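Here is the structure we will look at.
Order of the sequence lines fixes the chain letters, A, B, ..., with proteins taken first and strands second; residue numbering starts at 1 for each chain. Just so we're clear, the structure is a prediction, and the values are computed from it rather than from any experiment.
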Protein chains: 2
Amino acid sequence: MSISSRFSVAIHILCLLAINKEKATNTSEYLAGSVNTNPVVIRKVMSMLKGAGLVHVRAGVAGAELAKPLAEITLLDVYKAVNVVAENDLFSSHEHPNPECIVGRNIQQSLTKQFSAAQKAMEHSLEIVTLAEVVQDILESDNV
Amino acid sequence: MSISSRFSVAIHILCLLAINKEKATNTSEYLAGSVNTNPVVIRKVMSMLKGAGLVHVRAGVAGAELAKPLAEITLLDVYKAVNVVAENDLFSSHEHPNPECIVGRNIQQSLTKQFSAAQKAMEHSLEIVTLAEVVQDILESDNV
DNA sequence: ATAGATGTATCTATCATGGTTACAGGTAAT
DNA sequence: ATTACCTGTAACCATGATAGATACATCTAT
């Protein structure tokens, strides 16, 4: 299993919006060309980013733009926007363990605790990085 | 997406092996009854746990037992044993972004860095918990 | 030899993913 | 207002992972 590439696509899009300032050229087709996918895939992701208030897009008018400064968008914001992992659902548990067994009737509570902690640790790691850092990374790599 | 319940099943099995000391009764059928699944599912998981050196099982002979003390088995050990997430593959990235775009040709390197950090944070959270704690949790919950 | 267990191969239904086509509806420019 | 071009979305498809199930080979203790 793997977390959907919708997340990486979303990051890609947002970075590109930040770098390419000419709003009107940021069409779903242009973005699809950079990501190397279908324009509809881009529009679906864009729709989620719009719903989360990260971008401004208008039906019928070419181009999208960031709704916030780069430094105010964390990777966690993007991750939540594109809904790749549901709340407390990074790990799945077997359902309906046998309540007549001591392990069966108590393990879920314990698993939930540990799984939730692990998921939070991962999400916190995403929370401390902003898109500003990612863009800077990209610019620096390109200058080498 | 969600990480396979093979992981939670594996934890369940190991806890049960620790609690039910009568080795001979720990057959795949008995374990399946507690987990509430098919005995073959149990045997598949058991096969992976055996490969990782966490349990002793012998073909043809009923029952399994832990190969190590509970306190020496971390959740990370189990997670790796059942192979639910490949190395550096918790997050998937879109492949073949456009190398003619500055974002396209540099983002993967940056994503890999961030994704790998997030995955490590999650795995570290699993590493600091041993099965001994989970079993204790189970016993305590049951005594309330 | 037999009974009962593990080890696996194989098949199935189900579901998420990513890509695609098709089209409805919005907007701006002529 | 017509046109050209864009976004928004529904619908469909191929693919791959998952969890369950059947079937059977193989092993071991009695």
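Regarding contacts with the backbone of C:dG7, a side-chain N or O of B:Lys50 is found under 4.0 angstrom from either OP1 or OP2. Considering only side-chain N and O atoms, B:Ser47 lies nowhere under 4.0 angstrom from the phosphate OP1 or OP2 of C:dT6. OP1 or OP2 of D:dA19 sits under 4.0 Å from a side-chain N or O of B:Ser5. Between B:Thr37 and D:dA19, a side-chain N or O to OP1/OP2 separation shorter than 4.0 Å is absent.
Within a 6.0 Å sphere centred on CD of A:Gln109, heavy atoms belonging to other residues, nucleotides or ligands number more than 12.
Atom CD1 of B:Ile13 and atom C1' of D:dA19 are 14 Å apart (whole Å). Note: CE (B:Met48) to P (C:dT6) measures 18 Å, nearest angstrom. Counting to the nearest Å, the P atom of C:dG18 and the CZ atom of A:Arg43 are 18 Å from each other. The separation between B:Leu31 atom CG and C:dG7 atom P is 12 Å, rounded to whole Å. We find that CZ of A:Arg58 is positioned 16 Å from P of D:dT9, with the value rounded to whole Å. In this structure, B:Leu90 atom CG and D:dA17 atom P are separated by 16 Å, rounded to whole Å. Rounded to whole Å, the distance from CD on A:Glu29 to C1' on D:dC6 is 10 Å. What separates CG of A:Asn38 from C1' of D:dA14 is a distance of 15 Å, to the nearest Å.
Set against C:dT21, C:dT6, D:dT28, the side chain of B:Ser28 has C:dT6 as its closest nucleotide.
Along DNA chain C, the nucleotide closest to A:Ser4 and the one closest to A:Val61 are compared, and the more 5′ of them pairs with A:Ser4. Along DNA chain C, the nucleotide nearest A:Ala59 and the nucleotide nearest A:Ser2 are compared for position; the residue whose nucleotide lies closer to the 5' end is A:Ser2.
No hydrogens or angles considered: nothing links the side chains of B:Thr37 and A:His94 as a donor-acceptor pair under 3.5 Å. At a cut-off of 3.5 Å, with distance as the only test, no side-chain donor of B:Asn88 or B:Thr112 sits close to an acceptor on the other residue. Looking at B:Asp137 and A:Asn106, their side chains never bring a donor and an acceptor atom within 3.5 Å of each other.
Residue B:Val40 is classed as a base contact, given a heavy-atom separation below 4.0 Å to a base.
Between A:Phe7 and A:Tyr79, the ring-plane angle classifies as perpendicular under the 30° and 60° cut-offs.
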